[in-house]
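To start, the structure itself, in structure tokens.
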Amino acid sequence: MRRFTAFFLILFCLAATSATLPPDELSKKFVGSWRLVSIEGHPPGRPFVYDRPTGLLMYDPSGHMCVNIVLKADRKPFAPFAKGLLTATTEEKAAAFESYAAYFGTYTVDAKAGTVTHHLEDNLIPGRGGTDNVRWFEFQGDHRLYLVPMEDGKGGVLPRKDATYKLLWERLK
């Protein structure tokens, strides 16, 4: 009976691992964890002042991704810490919400277009699940990655030459 169970467990594991396709060579360059180095420019249609932003971007080999960005370094803590969310004022919660960006989902790379598309499963902003964030990408060697949002802030797309809003990421070791 043990051999029978072990056989099916091994068979199941082999089937599960062979179900995911290996990423192509370009997609493999994305795989890993990336630290936000800088944000250049401002999102079109959304003037915003960044204050020493920090963040983490992760791509895995199975095609999943997530990103978290603290937009302002001087975020005020809720007090008392143990009950912070429960006792925070509406203004404190709004400030925390406005100074953080996060989403997760899957990603695809279009080598010909020079884009990576983040297919959002969910987002800190309600209602964004099921949408796509398309980014032009530029690798600087193997350890630096520029992501350039395409959105023009009006529901359209900027020409690549006009896009000045960039996020620079550095691969973590």
Side-chain angles (χ1 to χ4, degrees), residues 20 23 27 29-110 113-139 143-158 160 162-172:
T20 58
S27 294
K29 285 186 77 168
F30 284 87
V31 173
S33 298
W34 301 81
R35 171 184 70 82
L36 182 65
V37 174
S38 65
I39 297 177
E40 301 172 14
H42 297 283
R46 293 181 291 153
F48 189 83
V49 176
Y50 296 101
D51 175 30
R52 295 167 290 154
T54 60
L56 183 66
L57 169 65
M58 300 170 79
Y59 294 103
D60 80 9
S62 71
H64 289 87
M65 62 78 55
C66 64
V67 64
N68 290 273
I69 300 175
V70 175
L71 302 170
K72 293 184 176 186
D74 68 343
R75 299 178 67 197
K76 305 288 185 256
F78 296 153
F81 177 74
K83 294 184 179 180
L85 189 57
L86 300 174
T87 60
T89 66
T90 302
E91 292 79 18
E92 289 172 323
K93 291 176 184 177
F97 177 83
E98 290 173 356
S99 64
Y100 200 88
Y103 62 82
F104 66 92
T106 59
Y107 71 98
T108 53
V109 177
D110 183 337
T115 60
V116 58
T117 301
H118 299 162
H119 309 284
L120 280 58
E121 290 181 32
D122 215 336
N123 190 314
L124 178 64
I125 300 170
R128 294 287 318 273
T131 63
D132 290 340
N133 285 348
V134 184
R135 310 289 186 238
W136 286 293
F137 64 85
E138 301 170 14
F139 281 98
H143 301 290
R144 289 205 161 205
L145 169 65
Y146 270 109
L147 293 181
V148 183
M150 302 175 84
E151 299 86 10
D152 68 359
K154 302 172 190 168
V157 174
L158 284 170
R160 174 65 183 97
D162 295 338
T164 58
Y165 176 55
K166 299 178 178 183
L167 291 86
L168 177 59
W169 300 90
E170 182 174 71
R171 185 184 301 278
L172 294 175

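Below, each value reflects all heavy atoms present in this structure, side chains not excepted, and no hydrogens, waters or symmetry copies.
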Determine, step by step, whether Met58 and Leu56 satisfy the side chain to side chain contact (heavy atoms under 4.5 Å, CB included) criterion, reporting the C-alpha distance in whole Å, the side-chain angles of both residues, the deciding distance to 0.1 Å, and the verdict.
-> CA-CA 7 Å; Met58 300 170 79; Leu56 183 66; 3.9 Å; yes
List the steps, then state whether side chain to side chain contact (heavy atoms under 4.5 Å, CB included) holds for Leu147 with Leu57.
-> CA-CA 11 Å; Leu147 293 181; Leu57 169 65; 3.7 Å; yes
Verify salt bridge (Lys or Arg N to Asp or Glu O under 4.0 Å) between Lys93 and Glu98, making sure each step is shown before the conclusion.
-> CA-CA 9 Å; Lys93 291 176 184 177; Glu98 290 173 356; over 6 Å; no
Derivation and outcome, side chain to side chain contact (heavy atoms under 4.5 Å, CB included), residues Trp34 and Leu167 | CA-CA 11 Å; Trp34 301 81; Leu167 291 86; over 6 Å; no
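How far CG of Asn133 is from CG of Leu120: 5.0 Å, rounded to the nearest 0.5 Å.
For Glu121, the salt bridge (charged side-chain N to carboxylate O under 4.0 Å, His left out) criterion is met by no residue, not counting sequence neighbours. Applying the side chain to side chain contact (heavy atoms under 4.5 Å, CB included) rule to Val70 yields the partners Thr54, Arg75, Tyr100; only residues at least two apart in sequence or on another chain are considered. Here Thr89 pairs with Glu91, Glu92 under the side chain to side chain contact (heavy atoms under 4.5 Å, CB included) rule; sequence neighbours left out. When the side chain to side chain contact (heavy atoms under 4.5 Å, CB included) test is applied to Pro53, the partners found at least two apart in sequence or on another chain are Leu36, Ile39, Tyr50. Partners of Phe139 according to the ring-ring contact (aromatic ring centres under 6.0 Å, His included) rule, which considers only residues two or more places apart in sequence or in another chain, are Phe30, Phe137. Considering only residues two or more places apart in sequence or on other chains, His64 meets the side-chain hydrogen bond (donor to acceptor under 3.5 Å, both in side chains) condition with Ser62. With sequence neighbours left out, Ala95 forms a side chain to side chain contact (heavy atoms under 4.5 Å, CB included) with no residue at all. Taking Arg171 as the reference, nothing meets the salt bridge (charged side-chain N to carboxylate O under 4.0 Å, His left out) condition, with sequence neighbours excluded. Residues passing the side-chain hydrogen bond (donor to acceptor under 3.5 Å, both in side chains) test with Asn123, sequence neighbours excluded: none. Contacts of Arg35 classified as side-chain hydrogen bond (donor to acceptor under 3.5 Å, both in side chains), with partners at least two apart in sequence or in another chain: Glu170. Partners of Arg128 by salt bridge (charged side-chain N to carboxylate O under 4.0 Å, His left out), not counting sequence neighbours: none found. With sequence neighbours left out, the side-chain hydrogen bond (donor to acceptor under 3.5 Å, both in side chains) criterion links Thr108 to His119.
Between Phe78 and Ala96 the shortest heavy-atom distance is CZ-CB, 3.8 Å. The nearest pair of heavy atoms linking Pro149 to Trp136 is O-CZ3, 3.9 Å. The shortest non-hydrogen separation linking Leu158 to Ala163 is CD1-CA, 4.1 Å. Nearest heavy atom pair, residue Tyr59 against residue Leu145, reads CE1-CD2, 4.5 Å. Of all heavy-atom pairs spanning Cys66 and Phe104, the tightest one is CB-CB, 3.8 Å.
Between Arg144 and Val37, some side-chain heavy-atom pair lies under the 4.5 Å cut-off. For the pair Phe97/Leu124, a side-chain contact is recorded, criterion being any heavy-atom separation below 4.5 Å from C-beta on. Side-chain contact between Met65 and Tyr103 is present, with at least one heavy-atom pair separated by less than 4.5 Å.
Of the possible donor and acceptor atoms, one in the side chain of Tyr107 sits under 3.5 Å from a partner among the backbone N and O of Asp60.
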